There are 2 protein chains.
Amino acid sequence: MVGTDGDRAGDVIRPLRATVGKRPTIEMVASYCGVSRQTISNAINAPDRLRPETLRRVLKAIEETGYRPSHAARSLRKDATNVIGCRLLPSSYGGTGGVLDGWFHALCAAARSGGYDVLTFASSTDDEEIAVYDDLLRRRAVDGFVLTNTHHIDPRPAWLSEHGAKFVAFGRPWGTRNAPHSWVDVDGANGTAAAVRHLAGLGHTRIGFLGLAKGSGVGDDRYQGWASAMRALDLPTKGLVERAEDGIASGRALTEKLLEGPRPPTGLVCVSDSMAVGAIRAVEDRGWRPGRELSIVGFDDSPIASVLRPSLSSVRQPIVAVAGELVAALLAELSDSNRRPSRILLAPRLVVRESSGAQHDSARLVVRESSGAQHDSAELHRFDEVAAPAPAMPAPATQPPREKVSANA
Amino acid sequence: MVGTDGDRAGDVIRPLRATVGKRPTIEMVASYCGVSRQTISNAINAPDRLRPETLRRVLKAIEETGYRPSHAARSLRKDATNVIGCRLLPSSYGGTGGVLDGWFHALCAAARSGGYDVLTFASSTDDEEIAVYDDLLRRRAVDGFVLTNTHHIDPRPAWLSEHGAKFVAFGRPWGTRNAPHSWVDVDGANGTAAAVRHLAGLGHTRIGFLGLAKGSGVGDDRYQGWASAMRALDLPTKGLVERAEDGIASGRALTEKLLEGPRPPTGLVCVSDSMAVGAIRAVEDRGWRPGRELSIVGFDDSPIASVLRPSLSSVRQPIVAVAGELVAALLAELSDSNRRPSRILLAPRLVVRESSGAQHDSARLVVRESSGAQHDSAELHRFDEVAAPAPAMPAPATQPPREKVSANA
DNA sequence: GTATTGCATATGAACGATCAAAAGCGCTAG
DNA sequence: CTAGCGCTTTTGATCGTTCATATGCAATAC
């Protein structure tokens, strides 16, 4: 309190420099404007407890001193860090580079606007990643995690659950049915189905699929979309599917194989842009032109898609919306401990370019929802655990969603 | 101390569950192995103060309880967070995507192995970025920063210096001579010079340059390398330079312009891969083939370089080494407050592919240092501030470095 | 035998915030 | 006039470390 003379509650503002040292603490601000610690704290955390007049004075003092609560002190007391941990994606992700740094950017932005920071780390294997989780949890350096790149036999969700960590995953819990954690994912089946419909709309009837080896989750999902769309359109599927590991080389080889078959496809949906690039190679090897003798659609809309010549039609994931939903889900989980996990599936959007052979005018045909936000429009499906029993296979790719809400751009 | 019976100093190990709650604190570990707080702390921070026997016992207890010091408590007490702040690069960086996520990955790895974590944030403008710096500093959430993407009139270094923040920059302080902070950069002039020598070695005498508008720092540096190498080889430079903003479209237009000139180049060094892609387009527009009628070299070795057809020769930056040096410099600065700033320049490496028209066999010709580490070899120049007076222009691109040390792969 | 030294370990205080509870104070009720 | 209530503000305790200093104890010195 440091009682000075003339303590009229009015405007006892002491000289700033005298009271405030290098970086102000709550105590300094308090004495600076003649109130107690707790009043400053309340002005920040529970403004409604202050008399309007006091609040005004305190906020002014905070403004003038540039005070911000110490991260360490606050974390220590509240046992919450307001920091989210997230593994940086391996640079090779997607094979064709850089699909997801836009996502990461959006993630950081969303976190920050929710009052959180993002702590980033690198790891190459699941075990290494778990070791980092362990470290960060033990040191109480983060409140929760955002998982990326979930895959088939993924030890991470189980480990985190067992250790009582809060987290949300980008990617469905492939293989495990009805996992108890929140996730956000892109409806790959929807994307490949859109690709099929696009090609069929251009007159193709023999539409092939270049996929990943079975059991890859993402690959199976995207395959399902192709298969069900083909079925829905009464198109033949036999002899039109090839699978291998991701990559340009394998895309080329598989396309070769399809084209040498008895009744080769005239359209081709690929599980990734890498595969699609391989397909383009194979077509060019024959002296053909992509979009003419074989129409090709990729997946991911990686940076190369628009740079290639011919440019590559590709299914774009609504990465910004995904990031926003992830942060929203995690923050919800952090604030309300035992709420129902949220499962959110966002629809991707087909970007039509040259490789699918659409006329310039029909490029507007895209998917019908494309009229929305210019940058990152997406349909949103929320899976309500109670209303909809857990699907038999990973996710109800072809079934209509329960709810449909328009996503925030 | 909780004095129990039979307090022989020997092995008074109490049942783990009884003593240790959810996440163990230092106090729990202490009582668990029958010593005081401070002894545990010492075992971690100053092991030499303990009797070997005690140390062993304590370490065992730490191991068994899985104890790790609370990040918040430690930061609060030590007034140091062991966290580095770094802005996530804009996703559009480099125009052709994803050059730098490998760098970021390496940065995180290096930081972690030095006992630090990386806090990531997104920002679109310099002012926005400074606002985040301000926030993080006020909250004492980070110990220092790694700056990226330094550019011509860059308010960030000055702001950070004025506010007494520790930081290192990836990129020279363009425009400001002899800035007082540490930096690490890639010797772009060295890279374009290597590209010139490569093309000259293939027999080219008219080698053009596609650059950025003057004053862009990076662009000027790379231009200087081209110019000085041309001079050194006694090759003509007149009418061989075009400049504009970065991008595929402008690369295409500029190349067009050069090729329509009186004595068009047969080789072309580009300031970026985007420009180079544009150049390829322009060549193809004429029905020519890159690497035949016009040999093209890009800069950055972005993911598209190897995917393009013909594949693009390009200058690769030693991003992993850069990240390592940055972390090393920052940690040094953090531990020894008023040490001389370190300025480190790393040499890039030319990756020869089809677009430069080299024979398959001569692809081994690269740069002579290329025999080093397979992933990320780099020459390292350390500029000793005392010995070498600050260069007149940004950096002594063509002058021989003072010291030369082989970089850690 | 007591003082001196040195080493190993223990104790009190502090870092800067928030939580829980107490205190001041103006008003109304009994 | 005093008690009780409601609202605003203050005080004491606490989070989990590390720093600075104190204590215990054995070996050596005087």
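Values in this document were obtained by computation on a predicted structure and should not be read as measured data. Reminder, nothing fancy here: chain letters follow the sequence lines and each chain counts from 1.
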Between [X] and [N], does any side-chain N or O lie under 4.0 Å from OP1 or OP2?
{"X": "A:T54", "N": "D:dT9", "result": "yes"}
{"X": "A:S36", "N": "D:dT10", "result": "yes"}
{"X": "A:Y67", "N": "C:dA17", "result": "yes"}
{"X": "B:S41", "N": "D:dT18", "result": "yes"}

Separation of [N] [atom2] from [X] [atom1] (nearest whole Å):
{"X": "A:Q38", "N": "C:dA20", "atom1": "CD", "atom2": "C1'", "value": "9 Å"}
{"X": "B:N45", "N": "D:dA20", "atom1": "CG", "atom2": "C1'", "value": "15 Å"}
{"X": "B:R74", "N": "C:dA14", "atom1": "CZ", "atom2": "P", "value": "22 Å"}
{"X": "A:R37", "N": "D:dT11", "atom1": "CZ", "atom2": "C1'", "value": "7 Å"}
{"X": "A:I44", "N": "C:dA17", "atom1": "CD1", "atom2": "P", "value": "8 Å"}
{"X": "B:I40", "N": "D:dT17", "atom1": "CD1", "atom2": "P", "value": "10 Å"}
{"X": "A:H71", "N": "C:dA17", "atom1": "NE2", "atom2": "C1'", "value": "12 Å"}
{"X": "A:R51", "N": "C:dG24", "atom1": "CZ", "atom2": "P", "value": "17 Å"}

Quiz item: Can you find an N or O donor on one side and an acceptor on the other, under 3.5 Å apart, linking the side chain of B:R77 with the base of D:dT17?
Solution: no
Self-check item: Pair of N/O donor and acceptor under 3.5 Å linking C:dA8 base with B:R49 side chain
Solution: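 Answer is no: no donor-acceptor pair is held.
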Quiz item: Side-chain donor-acceptor pair under 3.5 Å between A:S41 and A:N45, yes or no?
Solution: yes
Practice problem: Determine the interplanar angle of the A:F121 and A:F145 rings, folded into 0 to 90°, and report it as parallel if under 30°, tilted if 30 to 60°, perpendicular if over 60°. | Solution: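 A:F121 vs A:F145 ring planes: perpendicular.
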Quiz item: How far apart are the C-alpha atoms of A:K166 and A:E333, what are their side-chain angles, what is the distance that settles it, and do they pass the salt bridge (Lys or Arg N to Asp or Glu O under 4.0 Å) test?
Solution: CA-CA 7 Å; A:K166 311 277 187 194; A:E333 200 121 338; over 6 Å; no
Quiz item: Is B:R49 atom CZ crowded by more than 12 heavy atoms from other residues, nucleotides or ligands, each under 6.0 Å away?
Solution: no
Which nucleotide in the list [options] gets nearest to the side chain of [X]?
{"X": "B:L76", "options": "D:dG16, D:dT17, C:dA8", "answer": "D:dG16"}
{"X": "B:K78", "options": "D:dG16, D:dT8, D:dC19", "answer": "D:dC19"}
{"X": "A:T39", "options": "D:dT10, C:dA8, D:dT18", "answer": "D:dT10"}

Quiz prompt | N/O donor-acceptor pair under 3.5 Å between A:R57 side chain and A:C33 backbone | solution = yes
Practice problem: Compute the bend angle of the helix from C:dG1-D:dC30 to C:dG30-D:dC1 from the end axes (five pairs per end), rounded to 10°. | Solution: 80°
Self-check item: Residues A:R139, B:D117: salt bridge by 4.0 Å N-O rule
Solution: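 Looking at B:D117 together with A:R139, the answer is yes, because their closest N to O distance falls below 4.0 Å.
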Quiz item: Under a 4.0 Å N-O cut-off, is there an ion pair linking B:D134 with A:R68?
Solution: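 Looking at B:D134 and A:R68, the cut-off is not met.
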Quiz item: Hey, which of these two, B:D79 or B:P52, hits DNA chain C nearer its 5' end, going by closest nucleotide?
Solution: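 This one resolves to B:P52.
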Exercise. Return the minimal non-hydrogen interatomic distance between A:S36 and A:A30, and the atom names on each side.
Key: C-CB, 3.7 Å
Exercise. Just call it for B:S75: base, sugar-phosphate, or nothing, with non-hydrogen atoms closer than 4.0 Å on any strand.
Key: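 B:S75: no heavy atom of the nucleic acid under 4.0 Å.
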